[in-house]
There are 2 protein chains.
Amino acid sequence: MAKQQLRPQRTDWRRNHERLLGVASVLVARDGAQVSLEKIAREAGVGSATLHRHFPSRRALLEEVFQGIVERLRQRAGELAGGDPRTGLVTWLEELTVCAANTRGLAAWLAAEAGDGPPDGETCHVVMREAAAVLVERALSVAAVRPGLSPEDLLTLAEAVSLVTEDDPAAARRLLHLALDGVRP
Amino acid sequence: MAKQQLRPQRTDWRRNHERLLGVASVLVARDGAQVSLEKIAREAGVGSATLHRHFPSRRALLEEVFQGIVERLRQRAGELAGGDPRTGLVTWLEELTVCAANTRGLAAWLAAEAGDGPPDGETCHVVMREAAAVLVERALSVAAVRPGLSPEDLLTLAEAVSLVTEDDPAAARRLLHLALDGVRP
DNA sequence: CTACGATATGGGGTGCCCCTCCGTTTGTCC
DNA sequence: GGACAAACGGAGGGGCACCCCATATCGTAG
């Protein structure tokens with residue numbers, strides 16, 4: 001999206017790009033999304049200028065770091081769309097929260113991504129919205145959930161739960177079900 | 001808590017303390033909880049060393065900044081404990097989320113405060129836990145909510161909603177009620 | 001195989017930030 | 001009004017994000 005493919009990127013460019021992404025994945029998972037960019041560059045064995053050339057903002061870096069995970073969740077939504085609408089939706093939300101609990105920084109990323117930056121159409125944020133929308137529509141169509149339920153709101157809620165229970169999958173599941181079931185007797 | 005009252009603090013100490021807190025409130029509300037501490041000191045007309053002497057960590061500063069707001073929420077919980085248990089609980093949670101939506105940084109503070117730092121007993125985090133516990137116990141005692149409902153989990157959920165809807169009171173209310181009602185038809 | 005131009009790199013500089021040291025000022029008490 | 005503790009603030013060390021430009025590397029045309 002940033003580079004036109006007129007000329008394919010040079011091999012050292014590709015090599016450094018992969019190296020940076022790999023290191024970034026590890027360090028973000030270990031230290032959170034606020035890791036020093038210079039530390040990533042140092043660990044990858046490249047100058048900080050190179051990192052900034054490959055990823056003009058922290059945002060761009062995280063976008064690529066989380067892309068793989070988000071892609072898997074999108075595919076999973078596709079699979080679950082074939083089964084029971086209600087359990088499919090719940091299962092997917094569960095997997096989302098567990099996944100976020102195991103991937104430090106992902107929850108904050110999905111929840112906060114809206115707002116700033118260039119609105120290119122395939123951000124992690126957008127991908128998740130679309131995946132959630134499909135499952136919610138299906139559940140709505142067979143009245144498995146309350147009519148009027150907003151996919152956007154439901155996903156935001158699940159992301160909120162993930163955000164606040166980072167690193168604690170058990171709490172994540174508990175809070176998600178609390179939110180899905182409500183507090184009525 | 002930090003200073004023994006053997007000798008009352010000097011007047012310039014008190015003056016600077018208040019000035020710093022006032023400026024911090026304004027800047028945190030305007031720029032979020034990540035404001036530069038140096039900017040706060042500069043705006044207050046004191047050296048950065050003075051700020052660090054008054055507040056050894058950002059944590060300590062935010063704790064005092066939010067103390068007033070949290071105190072009001074505590075009192076409000078006390079008032080609401082006199083009325084209908086179910087609406088009291090819901091009303092209080094609503095007021096919490098709206099308050100957080102209007103006070104940038106508060107939600108993150110309440111949600112994230114657990115874990116690190118010295119466990120002195122009167123942090124904002126603890127105050128909120130106690131206030132919520134009273135209201136939930138009352139609601140449980142008249143079966144106004146599902147048995148087994150955990151005050152801790154419910155409050156964490158409300159804080160999660162606040163966290164993810166910062167600056168958008170309408171969305172905050174919507175998500176809170178979604179979570180309280182669940183998704184069933 | 002070589003030479004050349006486009007592409008990519010990284011050291012070093014700037015500006016901001018957190019935090020601490022230490023010489024100086026200010027308030028308080030007699 | 002003087003002495004002493006309390007409080008202050010400038011300056012500096014260490015770190016980070018981001019940018020500039022001289023240098024090195026890749027890919028290819030001859």
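By convention in this document, chain letters (A, B, ...) are assigned in the order of the sequence lines, proteins followed by strands, and residues within each chain are numbered from 1.
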*What's the closest nucleotide to the A/His54 side chain, out of C/dT9, C/dC19, C/dC17?*
C/dT9

*asked:* Below 30° counts as parallel, above 60° as perpendicular, anything between as tilted: where do the rings of B/Phe66 and B/Trp109 land?
replied: tilted

How many whole angstroms separate atom [atom1] of [X] from atom [atom2] of [N]?
X	N	atom1	atom2	value
A/Arg19	C/dA8	CZ	C1'	14 Å
B/Trp13	D/dA7	CH2	C1'	11 Å
A/Arg42	C/dT9	CZ	P	18 Å
A/Ile40	D/dC18	CD1	C1'	15 Å
B/Glu38	D/dG9	CD	P	14 Å
B/Arg59	C/dC18	CZ	C1'	18 Å
A/Phe55	C/dT9	CZ	P	11 Å
B/Lys39	C/dC18	NZ	P	10 Å

*Criterion salt bridge (Lys or Arg N to Asp or Glu O under 4.0 Å) against A/Arg104, the qualifying member of A/Asp31, A/Asp167, A/Asp168*: A/Asp167

*For B/Leu140 against B/Gly148, the heavy-atom pair lying closest together*: CD2-N, 4.0 Å

_Within the 4.0 Å heavy-atom criterion, would you say B/His17 contacts the bases, only the backbone, or no part of the nucleic acid?_
nothing

*Identify whether any heavy atom of A/Arg53 sits under 4.0 Å from a base atom; if not, whether one sits that close to sugar-phosphate; answer base, sugar-phosphate or nothing.*
base

*asked:* Treating primed atoms plus P, OP1 and OP2 as sugar-phosphate and everything else as base, which nucleotides of nucleotides 24-30 of chain C get B, S or - for protein heavy atoms under 4.0 Å?
replied: --BSS--

*Walk me through it: do A/His54 and A/Val46 pass the test side-chain contact (heavy atoms from CB on, under 4.5 Å)?*
CA-CA 11 Å; A/His54 282 252; A/Val46 306; over 6 Å; no

_DNA chain D contacts made by residues 45-52 of chain B, counting heavy atoms under 4.0 Å_ = B/Gly45, B/Val46, B/Gly47, B/Ser48, B/Ala49, B/Thr50

*asked:* Short of 4.0 Å, heavy atom to strand atom, which residues of residues 21-35 of chain B count as contacting DNA chain D?
replied: none

_Between A/His17 and A/Glu64, do the side chains contain a donor N or O and an acceptor N or O under 3.5 Å apart?_
yes

_Distance in Å, A/Thr103 OG1 paired with A/Ile69 CD1, rounded so as to fall on 0.5 Å steps_ = 4.0 Å

Check for a donor-acceptor pair, side chain of [X] on one end and backbone N or O of [Y] on the other, with a separation under 3.5 Å.
X	Y	result
B/Trp13	B/Pro8	no
A/Arg138	A/Gly83	yes
B/Glu63	B/Cys124	yes
A/Glu94	A/Arg173	no

*Evaluation steps, side-chain contact (heavy atoms from CB on, under 4.5 Å), between B/Leu106 and B/Val28*: CA-CA 9 Å; B/Leu106 175 58; B/Val28 166; over 6 Å; no

*Hey, are B/Glu159 and B/Arg129 close enough for a salt bridge, meaning a charged N less than 4.0 Å from a carboxylate O?*
yes

*Between B/Asn16 and D/dA7, does any side-chain N or O lie under 4.0 Å from OP1 or OP2?*
no

